[in-house]
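What follows is a single structure, written as structure tokens, with notes after it.
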Amino acid sequence: MKQFSSLWTLLPGVALIAGCGNPSKKETADNSRQKPNVIYLIADDLGIGDLSCYGATKISTPNIDRLAGQGVQFTNAYATSSTSTPSRFGLLTGMYPWRQENTGIAPGNSELIIDTACVTMADMFKAEGYATGAVGKWHLGLGPKGGTDFNHLIKPNTQDIGFDYEYIIPATVDRVPCVFVENGHVVGLDPNDPITVNYNHKVGDWPTGLENPELVKLKPSQGHNNTIVNGIPRIGWMTGGKSALWVDEDIADVITAKAKDFIVNHKNEPFFLYMGTQDVHVPRVPHARFAGKSGMGTRGDVILQLDWTVGEIMNTLDSLHLADNTIFVFCSDNGPVIDDGYQDQALELLNGHTPMKQYRGGKYSAYEAGTRIPFIVRWPAGIQPCKQQALFSMIDVYGSLAALLNHPLTPATVAPDSRDQLGTFLGKDTTGCDYVVQQNLNNTLSIIQGAWKYIEPSDKPAIEHWTKMELGNNPQPQLYNISIDPSEKNNVAAAHPEMVKELSELLELVKTG
Ligand code: NG6
Ligand code: CA
């Protein structure tokens with residue numbers, strides 16, 4: 001028996017408004033009307049405790065709350081991984097990232113890590129006649145093996161894996177190069193000032209955080225002491241491309257405008273927009289409109305900025321009368337982290353705010369806060385608003401949307417790990433999936449089935465070097481009853497050898513595919 005009902009009631013300050021399980025207005029995209037648009041908006045490092053609709057009281061996120069109130073709000077949804085690159089890889093390919101090498105946190109000059117032969121979720125939408133776009137944080141690499149050349153048409157890019165249009169941040173905002181790429185070209189690049197990027201040694205003569213700490217406006221707390229761009233020392237070295245450098249304070253405005261343009265340009269046909277925000281990843285650099293507004297330092301301010309972004313997209317849909325038939329998914333890529341490498345006073349200014357809620361660990365971790373994410377699905381024409389307690393994983397988004405479109409996922413190599421969980425996704429079915437599998441920074445896997453969570457033994461470090469985050473690695477098997485112990489305080493593996501056996505065997509079955 002599934003025992004998740006208790007988890008929702010554990011969330012402080014949140015009332016159960018309407019349960020899921022009511023019949024949806026419709027189950028599949030019929031042909032009598034246009035297929036629903038899909039917007040998949042994935043925030044970066046946002047915690048399940050960071051939003052007022054999930055019980056946060058020290059910060060208010062009215063736009064995301066409105067989205068949640070009009071949609072299916074999940075309380076037991078997981079990302080596949082506790083860092084960005086593998087999490088996004090799993091979403092777009094429908095394959096667990098740990099099945100493929102090189103899916104760890106990608107440097108800014110990584111090759112495109114999704115094989116161009118892979119049939120991605122974007123390919124599926126394209127085959128269904130959708131206009132497809134990728135805007136914002138990408139972090140899945142670009143170009144061929146051996147490093148991206150940012151001075152010419154970058155191939156392969158997202159257009160080789162199913163997107164008609166891209167306007168992307170190649171990796172993260174704390175990694176060079178600090179430029180946008182639009183359809184394979186660095187935006188605003190002067191060919192007489194070519195970009196050089198290196199992740200092994202310094203290139204050019206731009207100052208670095210290590211050599212010129214007096215030049216930085218945001219000091220690193222861990223790493224982040226290579227090339228200084230806009231006063232912020234980054235990971236990796238770059239030189240050149242001065243006219244193309246982004247302004248950190250304007251990134252939210254720029255990518256929100258591009259996302260809105262994409263929606264407007266495709267308002268008369270079905271579209272799929274994949275949008276990754278840089279918020280709330282480090283460096284947290286809010287626009288002046290948000291700076292100082294949260295009372296919680298820049299980490300709080302960029303949560304407000306993120307909420308504004310969501311509001312802008314919602315308003316755009318409203319103004320075009322598209323909201324009704326647009327499936328709007330909002331989620332995070334992995335769990336939250338407080339100090340992730342810059343002295344931004346995130347910890348000192350928390351003021352009792354709990355990004356991780358009651359959950360153990362955070363970003364990088366095998367514990368709950370590593371992968372348990374806020375997850376909201378709004379589709380006024382197709383679903384009833386409700387609170388969804390069923391178990392759900394981002395790995396199943398692809399298979400569920402394929403089911404919605406009656407799109408066959410064949411051969412079996414297409415989205416091999418993604419299951420049809422459409423009923424759960426739409427809030428119609430409250431049973432949820434049989435199990436979910438998660439991965440931490442070190443590829444240690446855990447599996448949740450019903451009330452039980454098993455974390456496989458691992459000899460990897462117990463603590464992440466920089467952040468001091470508990471990684472959940474332990475040479476001994478770990479078993480938690482997360483229904484009665486959601487904070488994973490008591491490892492009950494010794495008391496329940498039969499559950500350890502059952503779940504470790506199930507995990508081995510998943511691994512062997
Ligand atoms: C880590 C960075 C961290 C962040 C993370 C990737 C240091 C000390 N830490 O290596 O700041 O960039 O990588 O985050 O460099 S993710 O959300 O994109 O996966
Ligand atoms: Ca992330």
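We count residues from 1, following the sequence as given. Every number for a ligand or one of its atoms is a count from 1 in the order of the listing.
Contact check on D301 versus K293 returns no salt bridge, with no Lys/Arg side-chain nitrogen under 4.0 Å from an Asp/Glu carboxylate oxygen. Here R234 pairs with D248 in a salt bridge; the nearest charged N to carboxylate O distance falls below 4.0 Å. Comment: D417 engages R99 in a salt bridge, judged by a side-chain N to carboxylate O separation of less than 4.0 angstrom. For K489 and E368, the salt-bridge test fails: no basic side-chain N is under 4.0 Å from an acidic carboxylate O. A salt bridge links D44 with R88: at least one charged nitrogen is closer than 4.0 Å to a carboxylate oxygen. Between R284 and D344, at least one side-chain N (NZ, or NE/NH1/NH2) sits under 4.0 Å from a carboxylate O, which counts as a salt bridge. Looking at E456 and K511, a side-chain N of the basic residue comes within less than 4.0 Å of a carboxylate O on the acidic one, giving a salt bridge. Ion pairing of D253 with R289 is present here, as a side-chain N (NZ or NE/NH1/NH2) and a carboxylate O approach within less than 4.0 Å.
Residue-to-ligand polar distances keep W466 apart from ligand 1: every N/O pair is separated by 3.5 Å or more. Polar contact with ligand 1: absent for T172 (N/O pair, distance under 3.5 Å).
Within ligand 1, counting atoms from 1 as listed, the ones closer than 4.0 Å to a heavy atom of D44 are 17 (O). When each atom of ligand 1 is checked for a heavy atom of D45 under 4.0 Å away, the hits are 17 (O). Listed by number with element, the atoms of ligand 1 under 4.0 Å from a non-hydrogen atom of V282 are 11 (O). Residue contact check: H139 has heavy atoms under 4.0 Å from atoms 18 (O) of ligand 1. Residue-ligand proximity, T83 to ligand 1, at heavy-atom distances under 4.0 Å covers atoms 19 (O). Every atom of ligand 1 is numbered from 1 in the order shown, and the set under 4.0 Å from a heavy atom of N334 is 17 (O).
Contacts with ligand 1 closer than 4.0 Å are made by side-chain heavy atoms of Y364 only, the backbone lying farther away. Counting heavy atoms closer than 4.0 Å to ligand 1, residue I105 contributes side-chain atoms (C-beta onward) but none from N, CA, C or O. Residue T467 does not touch ligand 1, judged by heavy-atom distances below 4.0 Å.
Here the side chain of N109 pairs no donor or acceptor atom with the backbone of T148 at under 3.5 angstrom.
The nearest heavy-atom contact from the protein to atom 10 (O) of ligand 1 is R175 NH2, 3.5 Å. When hydrogens are left out, the protein atom nearest atom 11 (O) of ligand 1 is D340 O, 2.8 Å; that is the closest non-hydrogen contact. Here the protein heavy atom with the shortest distance to atom 18 (O) of ligand 1 is K137 NZ, 2.9 Å. Nearest to atom 19 (O) of ligand 1 among the protein's heavy atoms is S84 N, 2.9 Å. Nearest protein heavy-atom contact of atom 14 (O) of ligand 1 is K363 NZ, 2.7 Å. The nearest heavy-atom contact from the protein to atom 9 (N) of ligand 1 is H224 CE1, 3.9 Å.
For atom 12 (O) of ligand 1, the candidate residues are D174, I235, N226; the nearest heavy-atom contact is made by D174.
Between K387 and T75, the closest side-chain pair of non-hydrogen atoms is not below 4.5 Å.
The angle that D44 OD1 and D45 OD1 make at the Ca ion (ligand 2), rounded to 10°, works out to 90°. Of the angles at the Ca ion (ligand 2), the one spanning OD2 of D333 and OD1 of N334 is 80° when given to 10°.
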Derivation of the side chain to side chain donor-acceptor pair (under 3.5 Å) call for K202 and T227: CA-CA 8 Å; K202 182 174 171 174; T227 301; over 6 Å; no
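Considering I313, L273, V38, N37 as possible partners of F328, the one that fulfils the side chain to side chain contact (heavy atoms under 4.5 Å, CB included) test is I313.
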